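Since the model is a prediction, treat every value here as computed from it, not as a measurement.
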Protein chains: 4
Amino acid sequence: MSQGRNPDRTRRSERSRQAILEATRALVSEVGYGKVAIETIAARAGVGKQTIYRWWPSKGAVIFDAFLALSEGAEGQGAALPDTGDIEVDLKTVMRATVAEFADPEFEKPIRALNNEIANDPDLAAQYREKLARPLDAVKKERLRSAQRAGQLAAGADLDLVLAVLYAPLFQRWLHRSGPLTAEYADSLVDVTLRAFRP
Amino acid sequence: MSQGRNPDRTRRSERSRQAILEATRALVSEVGYGKVAIETIAARAGVGKQTIYRWWPSKGAVIFDAFLALSEGAEGQGAALPDTGDIEVDLKTVMRATVAEFADPEFEKPIRALNNEIANDPDLAAQYREKLARPLDAVKKERLRSAQRAGQLAAGADLDLVLAVLYAPLFQRWLHRSGPLTAEYADSLVDVTLRAFRP
Amino acid sequence: MSQGRNPDRTRRSERSRQAILEATRALVSEVGYGKVAIETIAARAGVGKQTIYRWWPSKGAVIFDAFLALSEGAEGQGAALPDTGDIEVDLKTVMRATVAEFADPEFEKPIRALNNEIANDPDLAAQYREKLARPLDAVKKERLRSAQRAGQLAAGADLDLVLAVLYAPLFQRWLHRSGPLTAEYADSLVDVTLRAFRP
Amino acid sequence: MSQGRNPDRTRRSERSRQAILEATRALVSEVGYGKVAIETIAARAGVGKQTIYRWWPSKGAVIFDAFLALSEGAEGQGAALPDTGDIEVDLKTVMRATVAEFADPEFEKPIRALNNEIANDPDLAAQYREKLARPLDAVKKERLRSAQRAGQLAAGADLDLVLAVLYAPLFQRWLHRSGPLTAEYADSLVDVTLRAFRP
DNA sequence: ATATAAGCGAGACGGTACGTCCTGTCTTTTG
DNA sequence: CAAAAGACAGGACGTACCGTCTCGCTTATAT
């Protein structure tokens, strides 16, 4: 199906849309989720408030979109996980990177903001799963399937469960600040997972 | 938060304190976390706003206290986990109960509210860990240690990690609504965990 | 405002013009002057907002035109005042009719709206005087001149002043609601005027 | 029974009330009635918007109060009209002063604003009549009664009607800008009135 | 037993932000 | 190719709460 120009007949201003998302990103990073006001976004974006309310149902939706849009390009490029042939090595590489990302104070506020929206709005959660989580998981599962083929992972393993065991503890530790996010922790999660799902 | 050791120290009105916590619980259940206003709590509790501000630093702290107080009794009573001698059976019992609790629509809003506070306020997160999570974890670890002694669990297993692998996937699925909370899911988490940490 | 002498000059849509004026009249009657919005007029008239802005400089001008247009026909027809030969009788007839008109709740809102525009916009006031007040006054003065010729009114009387004494008290009483608008009041104004200007 | 402290003691801030009225007066004079915004009044007065909405039902009421308050002192002092014994001389003095006042461009905007409110809000009109118009009329009627006693005015004259004939034409000329406000016009109104109501 | 001071209910205050409405301009689409 | 449809930046509306600040009143020591 040809991509083409957008045949949809909305008269929506792309310029304003971009300005709003950009201003939102900037403000969330600067003052944190709770203190971002629609009025401030509008002012910063040089946009009338109505233009925001016309296209988004809530502040949460704007913030969500702002960061969703940000990640939409990345996902296409970093399409595949490393595959050295050794699943343990590769997972540790990936998990350590994830740990580092979470630990980066720069991303702290935006990620918490995004998470907040997801946790409190079922609609946004659904969007998140479909547009962000699922594609990212697909990439990871691809690598896991490769490991299954290589006999490094149980053939019958439920890959969603594998991912949950791998990532959920890390996520929870970050969310509740219940412990330090270290490379060691990343490694031990990989170890546990591989032990649980070895052939 | 909940008052100090010496109750004679202050002239704080216990009646007002209870009314505030009770009103807060009711309001969170009725309208959800985001829409609870201090003014509404005060009105519902028949209390001046200042009485709230005098004793709690933020709305989050009130909500947090409201539910912390609720759980404070429970923890003492249900002190120990079942111990039939079979760790798999016992964990499945406990996990299924947890799943049921999360799935209960009645507790949906309060637990999300509480989680919200924890995720966004490091101070409350610390309190949560110390007053709620740690005691509950201690009880579970006790049962795990019993399993270690019985040779059903690796002797050297990091029990915090065991609990993380057991509970975090469930928590994340609930938080992000990424799947149904079923007894089957509970069971598979127990299976995975025991496989990862068998002697 | 109402269109120029040469109708071929512009490509203005007469259909739209009529629809706008009609919608304006309806809305003023329904919700009163203060609450009539250009957007509502446009919607009701099935017209783009721009079509209103293209031809009128302000909301006041539209409202003014709407009622000016309404009176434009009437003035030509009811060209002359009754002339029974007795100025007192005739003036009382006319004044009682005026009182009745003002007292009609149906015309309350439109007349107040029109007056509002006149009182607050010098340009509209000038138009009003020229297009509405002057012609109407001319008709009345004609009758007064007839009375002068009949020796019922001082020959040198300033007819503008006569009309002012006759009508201004009535107008003010209506505008400020400072008293009831009755036939008796109409009569006493005629009596006073004739006393002041008898030959 | 001792009077004591004021029992209907509201907690209303007199300071804020004054600041609001003062700011309103200033703004009406500066930008005219139509462009005064509640938000601007609040900002100028250093007051929260709610403090205005708490005590006044509408913008009109604030503006009305602002100018009512202004006139409240004056009325007590300038209690009596001049009484030289010659009603014609005294009325001309007073009417010329009134004409001068209306002609003063300084008072143009406030008086028009006040009139606007009265013309469009029956409640404010009632207040106006009672608090401003009636007391002022009472003073004038006192002088007219003195003239009746001196045989310069018909004993049975309806004094309200006398005042209407005297003032209404002037008021209407000012409101609709239908002619210049001159001393000559003032004089001729006095002449007409005295002719109509001579003994 | 009495003053005295803290805590209390109440609620006004200066503010910030909300979400809606309308203005007057500009752009796109349609008949 | 004119006009409807309607998006846009801007800004005021009136409401809801924030967190602070008196008010009088009650109550519970600490003289």
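- Across the protein-nucleic acid pair, C:Lys59 atom NZ and E:dG24 atom C1' stand 13 Å apart, rounded to whole Å.
- With sequence neighbours left out, the side chain to side chain contact (heavy atoms under 4.5 Å, CB included) criterion links C:Asn120 to C:Asn116, D:Asn116.
- With sequence neighbours left out, D:Tyr128 forms a ring pair (Phe, Tyr, Trp, His ring centres under 6.0 Å) with C:His176.
- Pairs engaging residues 115-126 of chain D under the salt bridge (charged side-chain N to carboxylate O under 4.0 Å, His left out) rule: none recorded [sequence neighbours left out].
- The side chain of C:Ser16 places an N or O atom within less than 4.0 Å of a non-bridging phosphate oxygen (OP1 or OP2) of F:dA4.
- The distance between atom CZ of A:Arg11 and atom P of F:dA7, rounded to the nearest whole Å, is 6 Å.
- Applying the salt bridge (charged side-chain N to carboxylate O under 4.0 Å, His left out) test to pairs two or more places apart or on separate chains, those with a residue in residues 46-58 of chain B are B:Glu39-B:Lys49.
- F:dA7 atom C1' lies 16 Å from atom CZ of A:Arg17, rounded to whole Å.
- Two residues are said to be in side-chain contact when any heavy atoms from C-beta on lie closer than 4.5 Å; B:Ile20 and B:Trp56 meet this criterion.
- Taking the side chain as every heavy atom from C-beta outward, A:Arg25 and A:Glu30 never approach each other to under 4.5 Å.
- DNA chain E lies under 4.0 Å from no heavy atom of any residue of residues 19-30 of chain B.
- Looking at heavy atoms from C-beta onward, D:Pro122 lies in side-chain contact with C:Arg177 at the 4.5 angstrom threshold.
- Non-hydrogen atoms lying under 4.0 Å from DNA chain E are contributed by A:Ala37, A:Ile38, A:Glu39, A:Lys49, A:Gln50, A:Tyr53, all within residues 34-58 of chain A.
- Annotation: cation-pi geometry satisfied between B:Lys59 and B:Tyr33 (NZ/CZ under 6.0 angstrom from ring centroid, within 45° of ring axis).
- Atom CZ in B:Arg15 sits about 14 Å away from atom C1' in F:dT27, given to the nearest Å.
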